[in-house]
Engineer: 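Pasting a structure below so you can have a look.
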Protein chains: 2
Amino acid sequence: MRWEDLDQEACSVARTLSVVGDRWTLLILRECFLGTRRFEAFESRLGIARHVLADRLKKLHEAGVLDRVAYQERPKREEYRLSERGRDLYPVMVTLAQWGDKHMAGPEGVPLLRIHDTCGHVTVGELICSDCGEPLHARDVHVEAGPGAVTL
Amino acid sequence: MRWEDLDQEACSVARTLSVVGDRWTLLILRECFLGTRRFEAFESRLGIARHVLADRLKKLHEAGVLDRVAYQERPKREEYRLSERGRDLYPVMVTLAQWGDKHMAGPEGVPLLRIHDTCGHVTVGELICSDCGEPLHARDVHVEAGPGAVTL
DNA sequence: TTGACAGGTTCTCTTATGGAACCCACTTTC
DNA sequence: GAAAGTGGGTTCCATAAGAGAACCTGTCAA
């Protein structure tokens with residue numbers, strides 16, 4: 001399969017990965033969630049090649065994940081901010097970070113703690129069933145064809 | 001930054017992506033969660049080049065995400081199954097799928113529904129704070145240095 | 001003894017990435 | 001008013017990764 005055909009797959013994971021599934025995109029979005037907004041800042045914080053960064057920011061903007069917001073005129077300068085669509089990727093970030101916290105942290109502990117301002121405590125995101133509120137585990141979930149399923 | 005240095009970053013997102021952050025790995029893991037176990041099955045379901053598949057399965061095994069389980073001797077044949085570590089990636093899969101469901105599904109609807117066997121209903125995973133139980137949104141969370149933070 | 005099967009490896013060609021240099025529209029400083 | 005700085009790119013080249021096809025290796029069955 002070619003990478004460009006990925007958004008045609010009848011699978012939401014594949015379709016999401018067609019937007020965020022390359023080497024750099026999720027790291028760029030991590031920076032966005034940490035507050036980074038400008039080209040130079042992304043470059044220096046990530047150590048990414050400039051043309052790759054320019055390409056990814058362009059694609060994320062075209063995908064509606066990042067908005068370009070002018071922060072000065074003359075010379076015109078724009079910064080990149082998460083759109084609503086982009087902020088919706090937050091659960092992906094948190095679950096990725098938590099897997100790393102659990103399985104990739106060294107003996108010295110996790111690099112970053114997430115504090116939930118609402119309650120003031122260190123938080124670990126927990127995935128629960130929207131219907132019954134119980135934790136959602138792979139072994140308790142099966143899939144069925146949805147309305148957009150491809151009938152082969 | 002070179003891709004090989006990614007697991008050295010003081011960031012759990014980066015460290016997780018050093019394991020699952022390339023083009024194919026998360027799609028291979030999607031198949032694992034859907035029940036695919038054998039080389040040929042991954043190949044035909046994903047349309048991935050064979051040498052790339054062999055390389056990714058090897059790396060996932062080395063990373064402890066997939067176990068190799070013999071299912072016959074003579075000729076020796078092994079299949080790939082999610083380890084505990086691998087099953088811990090389920091929240092990442094669900095959140096990726098849900099972003100796709102919300103933002104990438106066509107007018108015909110989502111391709112797959114997830115049914116929570118515990119309650120019997122179609123489920124949408126919801127990320128809540130482990131401490132207070134409220135939904136976890138990016139705007140309500142800030143980060144602080146953890147014990148494994150790098151002090152620059 | 002020829003095929004088939006599962007699971008790879010090897011080959012060549014195309015595409016993507018890393019790293020450095022260069023460009024452009026301004027503004028600030030000398 | 002010329003030189004240097006700033007932010008955000010683009011261009012060029014060498015290396016690395018991917019796609020696609022062919023080939024290899026045990027083993028069994030016809």
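If you're wondering where the values come from, they're calculated on a predicted model, not measured in any experiment. Computed over heavy atoms, backbone and side chain alike; hydrogens, waters and symmetry mates excluded. Chain letters run A, B, ... following the sequence lines, proteins first, then strands; residues in each count from 1.
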Engineer: What integer distance in Å separates A:His61:NE2 from D:dG9:P?
Structural biologist: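 These atoms are roughly 11 Å apart.
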Engineer: Between C1' on C:dG19 and CD on B:Glu4, what's the gap in Å once rounded to a whole number?
Structural biologist: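 Rounded to the whole Å, the gap is 14 Å.
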Engineer: Distance check needed: D:dT11 P versus A:Asp55 CG, whole Å only.
Structural biologist: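 Nearest whole value for this atom pair: 13 Å.
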Engineer: Reckon B:Glu78 touches a base, only the sugar-phosphate, or nothing at all at heavy-atom distances under 4.0 Å?
Structural biologist: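 Sugar-phosphate only.
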Engineer: On DNA chain C, nearest-nucleotide positions of A:Pro75 versus A:Asp22: which is more 5'?
Structural biologist: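 Looking at DNA chain C, the more 5' nearest nucleotide goes with A:Asp22.
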Engineer: Can you tell whether the side chains of A:Glu40 and A:Arg50 come within less than 4.0 Å, N to carboxylate O?
Structural biologist: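 A:Arg50 and A:Glu40: salt-bridged.
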Engineer: Does a side-chain heavy-atom distance below 4.5 Å link A:Asp101 with A:Pro111?
Structural biologist: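 Yes, at least one pair of side-chain atoms sits under 4.5 Å.
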Engineer: Between the base of C:dG7 and the side chain of B:Arg50, is there any donor-acceptor pair under 3.5 Å?
Structural biologist: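 By the distance-only test, yes, there is a pair.
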Engineer: Using atom CD of B:Gln72 as one end and atom C1' of C:dA4 as the other, report the distance to the nearest whole Å.
Structural biologist: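 After rounding, the reported distance stands at 14 Å.
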Engineer: Please give, in whole Å, the distance from C:dT17 C1' to A:Lys59 NZ?
Structural biologist: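 Going from NZ in A:Lys59 over to C1' in C:dT17 covers 12 Å.
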Engineer: Compare side-chain N and O positions of B:Arg68 against OP1 and OP2 of C:dG7 and report whether any pair is under 4.0 Å apart.
Structural biologist: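 Answer is no, no contact under 4.0 Å.
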Engineer: Take the protein atom CD of B:Glu43 and the nucleotide atom C1' of C:dA6, then report the distance between them rounded to whole Å.
Structural biologist: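 It is 11 Å, rounded to the nearest whole Å.
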Engineer: Nearest heavy atom decides the nucleotide; on that basis, is A:Arg77 or A:Gly47 closer to the 5' end of DNA chain C?
Structural biologist: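 Result of the comparison: A:Gly47.
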Engineer: Measure the distance from NZ on B:Lys76 to C1' on C:dC5 and round it to the nearest whole Å.
Structural biologist: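 In whole Å, C:dC5 C1' lies 18 Å from B:Lys76 NZ.
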Engineer: Check the distance between C:dG7's C1' and B:Arg37's CZ and give it to me in whole angstrom.
Structural biologist: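 About 18 Å, once rounded to whole Å.
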Engineer: Could you please name the option among D:dG18, D:dC12, C:dA16 that lies closest to any side-chain atom of A:His51?
Structural biologist: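 The answer is D:dC12.
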Engineer: Under 4.0 Å, heavy atoms only, any strand: does B:Tyr71 hit a base, just the sugar-phosphate, or nothing?
Structural biologist: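 Answer is sugar-phosphate: B:Tyr71 comes under 4.0 Å of backbone atoms only.
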Engineer: Any Lys/Arg nitrogen of A:Arg56 or A:Asp22 sitting under 4.0 Å from an Asp/Glu carboxylate oxygen of the other?
Structural biologist: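 Salt bridge: yes.
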Engineer: Looking at C:dG18, C:dG7, C:dG8, which one has an atom nearest to any side-chain atom of B:Ala54?
Structural biologist: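 The nucleotide sitting nearest to the side chain is C:dG8.
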Engineer: Closest nucleotide of DNA chain D for A:Arg38 versus for B:Glu73: which of these residues is on the 5' side?
Structural biologist: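 Nearest nucleotide further toward 5': that of A:Arg38.
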Engineer: Does C:dA6 have its OP1 or OP2 closer than 4.0 Å to a side-chain nitrogen or oxygen of B:Tyr80?
Structural biologist: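 No, outside the criterion.
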Engineer: Counting only pairs under 3.5 Å, give me each side-chain donor-acceptor contact of residues 115-122 of chain A, with atom names and distances, residues two or more places apart or in other chains.
Structural biologist:
| residue | atom | partner | partner atom | Å |
| --- | --- | --- | --- | --- |
| A:His116 | NE2 | A:Thr118 | OG1 | 3.2 |
| A:Asp117 | OD1 | B:His142 | ND1 | 2.6 |
| A:His121 | ND1 | A:Cys119 | O | 3.2 |
| A:His121 | ND1 | B:Asp131 | OD2 | 2.8 |

Engineer: Between B:Lys59 and B:Glu62, is there a side-chain N and carboxylate O pair less than 4.0 Å apart?
Structural biologist: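 Salt bridge absent between B:Lys59 and B:Glu62.
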Engineer: Report yes if at least one side-chain N or O of B:Trp3 is closer than 4.0 Å to OP1 or OP2 of D:dT15; otherwise report no.
Structural biologist: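 Result: no.
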